[in-house]
Amino acid sequence: MSVAIYNTLSRQKEAFQPLVPNQVKMYCCGVTVYDYCHLGHARSYIVWDTVRRYLTWRGYDVRYVQNFTDIDDKILNRARQENSSMKAVAEKYTGAYFEDMARLNILEANEYTYATHTIDGIKRLIHELEQKGYAYPAEGDVYYSVRKFDGYGKLSGRKLDDMRAGESGRTDAIQTQIKRDPFDFALWKSAKPDEPAWDSPWGMGRPGWHIECSAMVRDRLGETIDIHVGGADLQFPHHENEIAQSEAATGQPLATYWMHNGMVNVDGTKMSKSLGNFTTIRGLLDAPDAPNPMAIRMFVMQAQYRMPLDFTEEAIIAATKGWATLNEGLNFGVQYGDQLGWQRSHPDNLPNNQSTPSIPLDKTALSQFQASMDDDFNTPRAVAVLFGLAKELQRQRNLIVHTGQRDTNSAALERQWQTLVQLAQVLGLEAQAISSVASADQIGDPDVETLIAQRTAAKQAKNYAESDRIRANLSAKGITLIDKPGGVTIWHR
RNA sequence: GGCGGCAUGGCCAAGUGGUAAGGCAGAGGAUUGCAAAUCCUUUACCCCCAGUUCGAAUCUGGGUGCCGCCUCCA
């Protein structure tokens with residue numbers, strides 16, 4: 001069995017076959033660094049992180065490259081607003097990007113590329129396109145002539161003659177006059193006074209938006225890569241233009257597989273900066289009642305990556321509770337492994353998911369998980385497998401807590417737990433210590449026993465206000481009391 | 001106007017021909033002084049109409065509604 005990937009180019013799922021066996025070259029269109037990332041970005045990068053982790057787990061040697069667009073009109077505008085420079089703004093938000101992604105447990109790319117570091121490659125590419133007749137200079141700018149490229153529109157499935165130029169209402173009046181065709185796009189833009197600019201055969205200026213990705217892919221990964229990913233909103237024109245640029249220059253396919261993630265919606269419409277309906281990642285995670293970052297991953301993974309995903313408070317709460325269940329399962333071994341006589345009561349350390357687990361894993365869960373993920377990364381189904389394991393561990397934990405017994409043998413439990421831990425890692429879900437009690441609030445066992453005795457006395461005196469007060473008090477210190485028949489109270493942290 | 005996508009229980013969401021995974025929420029019961037946790041039970045005319053088929057949420061045709069893109073976008 002192989003991994004099936006929905007390829008935007010063919011509009012169907014295809015069996016994944018890398019160009020070189022077992023090696024995957026993957027390029028992800030990154031952010032334009034002019035503001036903090038919002039949940040739309042979070043979804044996108046969580047999705048691609050998961051794809052990458054899964055392919056790695058599946059045995060592929062994945063080389064993952066992501067870019068930063070650090071030359072752009074929006075960055076310039078922001079720099080003007082903040083009385084800063086394009087470089088300073090770009091650096092600020094690039095730093096913020098790394099902070100946000102780390103919190104979401106998104107692995108770093110093998111390599112990050114920057115438009116500003118790729119100027120030579122960009123100029124070389126534009127020159128080639130000019131030589132081959134795909135590009136023409138006009139008043140200091142250079143444009144790509146879309147009608148020269150036969151395959152134009154093949155990714156987004158549209159024909160030039162069917163589109164309405166300017167439908168989005170964002171066309172530039174001056175460019176419209178200069179260009180030979182309304183769909184021609186800028187490869188190089190002449191600089192206005194006091195804008196950052198680079199010298200070039202066409203004069204001082206800066207690259208257009210699309211050319212950087214073509215140049216960066218070529219520089220870092222070569223002429224043809226296996227998987228090119230990005231948001232669905234990049235399909236047209238960005239990716240279409242990348243294809244036109246790269247393939248016109250090299251005569252080779254830019255990527256075998258194109259993958260696009262669905263948008264995050266708010267009240268049924270796309271989260272976007274221009275609509276002002278966005279929530280930044282840090283805004284959400286730093287709020288007073290902030291959800292756990294892993295809950296954000298859960299939120300993302302409980303929907304198939306190509307479907308739209310509605311961001312609501314309710315959805316985040318549901319994801320938070322779901323995560324709590326999974327996390328309890330992930331902590332099972334840490335809490336009970338020693339008691340059950342396990343050799344290893346801590347998760348196998350699986351750097352980059354590549355180590356072989358120390359014990360055989362649960363075959364059924366494993367194959368269900370793999371079948372789900374092989375089917376175009378069906379994370380909702382994969383997550384259901386994790387819930388199956390976590391719920392069983394939860395049941396056993398409850399049995400142990402209440403009766404000191406369990407009804408499954410220790411080896412089977414260890415296997416289930418290790419399976420859960422490993423599969424969670426493949427999805428980037430990282431166990432977190434359950435205790436949320438600050439160390440200053442820690443309480444020793446003898447004190448707990450004393451308080452329980454006091455509570456039992458209060459209960460016998462039918463002073464329930466006092467007994468509830470003691471229970472609440474202990475609860476605040478992370479102690480859970482369980483009243484059992486016969487007036488016996490047991491407890492656990 | 002063009003292209004593409006989606007419509008499954010209270011909410012979210014799998015499922016592409018054999019009669020509906022999972023999460024969240026709710027209800028009833030066991031247990032409890034009340035809880036918590038757990039256990040048991042329980043909540044689906046799969047947008048509408050027509051067709052194909054022994055059989056359709058799943059295929060075909062036609063509707064309806066919603067969303068995305070048509071040079072800012074993850």
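These numbers were taken from a predicted model, which means no experiment stands behind them. Protein chains get the first letters and strands the later ones, always in sequence-line order, with residue 1 at the start of each.
- Comparing B:rU41 with B:rU58, their P atoms sit 31 Å apart, to the nearest whole Å.
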For residues 303-311 of chain A, please give each side-chain donor-acceptor pair under 3.5 Å, one per line with the distance, not counting sequence neighbours.
unit_1	atom_1	unit_2	atom_2	d
A:Q304	OE1	A:R306	N	2.9
A:Q304	NE2	A:D376	O	3.2
A:Q304	NE2	A:D376	OD2	3.4
A:Y305	OH	A:D376	OD1	2.7
A:Y305	OH	A:D376	OD2	3.3
A:R306	NE	A:D376	OD2	2.9
A:R306	NH2	A:D376	OD2	2.9
A:D310	OD1	A:G268	N	3.4

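- Nearest heavy-atom pair, A:P293 versus A:L104, reported as atom, atom and distance to 0.1 Å: O-CD2, 4.0 Å.
- Nucleic acid contact class of A:K270 (heavy atoms, under 4.0 Å, all strands): base.
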Sequence-aligned protein contact record of nucleotides 30-37 of chain B, with B where the base is within under 4.0 Å of a protein heavy atom and S where only the sugar-phosphate is: ---BBBBB

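- Spacing between B:rC48 and B:rU42 at atom C1', rounded to whole Å, works out to 30 Å.
- Atom CZ of A:R297 and atom C1' of B:rG23 are 18 Å apart (whole Å).
- Screening residues 175-187 of chain A for salt bridge (charged side-chain N to carboxylate O under 4.0 Å, His left out), with sequence neighbours left out, gives A:R147-A:D181.
- Within the 4.0 angstrom heavy-atom criterion, base atoms lie near A:F183.
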For nucleotides 15-18 of chain B, which of its nitrogen or oxygen atoms have a protein nitrogen or oxygen under 3.5 Å away, and what is each distance?
unit_1	atom_1	unit_2	atom_2	d
B:rG15	OP1	A:N378	ND2	2.7

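- Across all strands shown, A:G388 has no heavy atoms under 4.0 Å from either base or sugar-phosphate atoms.
- A salt bridge does not link A:D141 to A:K189: none of the charged nitrogens lies less than 4.0 Å from a carboxylate oxygen.
- If you take atom C1' in B:rG9 and the same atom in B:rU43, they sit 7 Å apart, rounded to whole Å.
- Taking every side-chain heavy atom of A:K391 into account, B:rC24 is the closest of B:rC67, B:rC24, B:rA74.
- Salt bridge A:R206/A:D72: absent, no basic N to carboxylate O contact under 4.0 Å.
- The residue A:G153 sits apart from the nucleic acid: no heavy atom pair falls under 4.0 Å.
- With both ends at atom P, the span from B:rG51 to B:rG26 equals 43 Å, rounded to whole Å.
- OP1 or OP2 of B:rC24 has not a single side-chain nitrogen or oxygen of A:W323 nearer than 4.0 Å.
- Using a 4.0 Å heavy-atom cutoff across all strands shown, A:D184 reaches at least one base atom of the nucleic acid.
- A:K159 has no side-chain polar atom (N or O) that falls below the 4.0 Å cut-off from OP1 or OP2 of B:rC70.
- More than 12 heavy atoms of other residues, nucleotides or ligands shown are found within 6.0 angstrom of CG on A:D445.
- Separating the C1' atom of B:rA14 from that of B:rA7 is a span of 15 Å, rounded to the nearest Å.
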Look for any protein N or O under 3.5 Å of an N or O in nucleotides 3-10 of chain B and output each such pair with its distance, or none.
unit_1	atom_1	unit_2	atom_2	d
B:rC3	O2'	A:G157	O	2.8

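- Neither OP1 nor OP2 of B:rA14 sits under 4.0 Å from any side-chain N or O of A:T379.
- Here the CG-CG distance, from A:L330 to A:L420, works out to 4.5 Å after rounding to the nearest 0.5 Å.
- When base pairs are accepted only as Watson-Crick or G-U wobble with both N-N or N-O distances under 3.5 Å, RNA chain B takes part in stems of 3 or more pairs at B:1-7 with B:64-70, B:10-12 with B:22-24, B:26-30 with B:38-42, B:47-51 with B:59-63.
- In summary, the side chains of A:E139 and A:S190 do not present any donor paired with an acceptor at a separation below 3.5 Å, with no hydrogens or angles considered.
- With rounding to whole Å, A:D376 atom CG is found 13 Å from B:rA14 atom C1'.
- Remark: the A:E212 side chain and the A:T69 side chain contain an N/O donor-acceptor pair separated by less than 3.5 Å.
- A:T312 comes within 4.0 angstrom of nothing in the nucleic acid, heavy atoms only.
- Rounding to whole angstrom units, CZ of residue A:F236 and C1' of B:rA74 are separated by 18 Å.
- Between A:R471 and A:E466 there is no salt bridge, since no side-chain nitrogen of the basic residue lies less than 4.0 Å from a carboxylate oxygen of the acidic one.
- Between the side chains of A:S372 and A:N378, no donor-acceptor pair of N or O atoms lies under 3.5 Å.
- The residue A:G40 sits close to a base: some heavy atom pair falls under 4.0 Å.
- Between the CG atom of A:D267 and the P atom of B:rC11 there is a distance of 15 Å, rounded to whole Å.
- Residue pairs meeting the salt bridge (charged side-chain N to carboxylate O under 4.0 Å, His left out) criterion with at least one member in residues 452-463 of chain A, sequence neighbours excluded: A:R455-A:D483, A:K459-A:D483.
- Partners of A:F185 according to the ring-ring contact (aromatic ring centres under 6.0 Å, His included) rule, which considers only residues two or more places apart in sequence or in another chain, are A:Y144, A:H210.
- Residue contacts for A:H38: at a heavy-atom cut-off of 4.0 Å it reaches a base atom on one of the strands shown.
- As rounded to the nearest Å, B:rC49 and B:rC54 have P atoms that lie 22 Å from one another.
- Annotation: salt bridge (charged side-chain N to carboxylate O under 4.0 Å, His left out) contacts involving residues 32-46 of chain A, sequence neighbours excluded, comprise A:D35-A:R78.
- Listed by chain and residue number, A:P182, A:F183 satisfy the side chain to side chain contact (heavy atoms under 4.5 Å, CB included) test with A:A165 (two or more places apart in sequence, or in another chain).
- Heavy atoms of A:W48 sit nowhere under 4.0 angstrom from any nucleic acid atom.
- Nearest-nucleotide assignment on RNA chain B puts the 5′-proximal partner with A:I317, out of A:C29 and A:I317.
- B:rC67 and B:rG62 have their P atoms separated by 23 Å, with the value rounded to a whole Å.
- As judged by a 4.0 angstrom heavy-atom cut-off over every strand, A:F299 is placed among residues making no nucleic acid contact.
- Relative to the side chain of A:S272, the nucleotides B:rC73, B:rC70, B:rG22 differ in distance, and B:rC73 lies closest.
- The base of B:rG1 lies close enough to the side chain of A:R164 for a donor and an acceptor atom to sit less than 3.5 Å apart.
- Screening residues 150-160 of chain A for salt bridge (charged side-chain N to carboxylate O under 4.0 Å, His left out) gives A:K154-A:E247 as the qualifying pairs, with residues at least two apart or on separate chains.
- Here the nucleotide nearest the side chain of A:M271, chosen from B:rC73, B:rG23, B:rA74, is B:rA74.
- Annotation: of the two residues near RNA chain B, A:G322 and A:L39, the 5′-most nearest-nucleotide partner is A:G322.
- For A:Y36, the ring-ring contact (aromatic ring centres under 6.0 Å, His included) partners are A:Y93, not counting sequence neighbours.
- Residue-level contact check: A:V47 touches neither bases nor backbone, having no heavy atom under 4.0 Å from any strand.
- Heavy atoms of A:A318 sit under 4.0 angstrom from primed sugar atoms or phosphate atoms, though from no base atom.
- When the P atom is used for both B:rC40 and B:rU8, the distance is 30 Å, rounded to whole Å.
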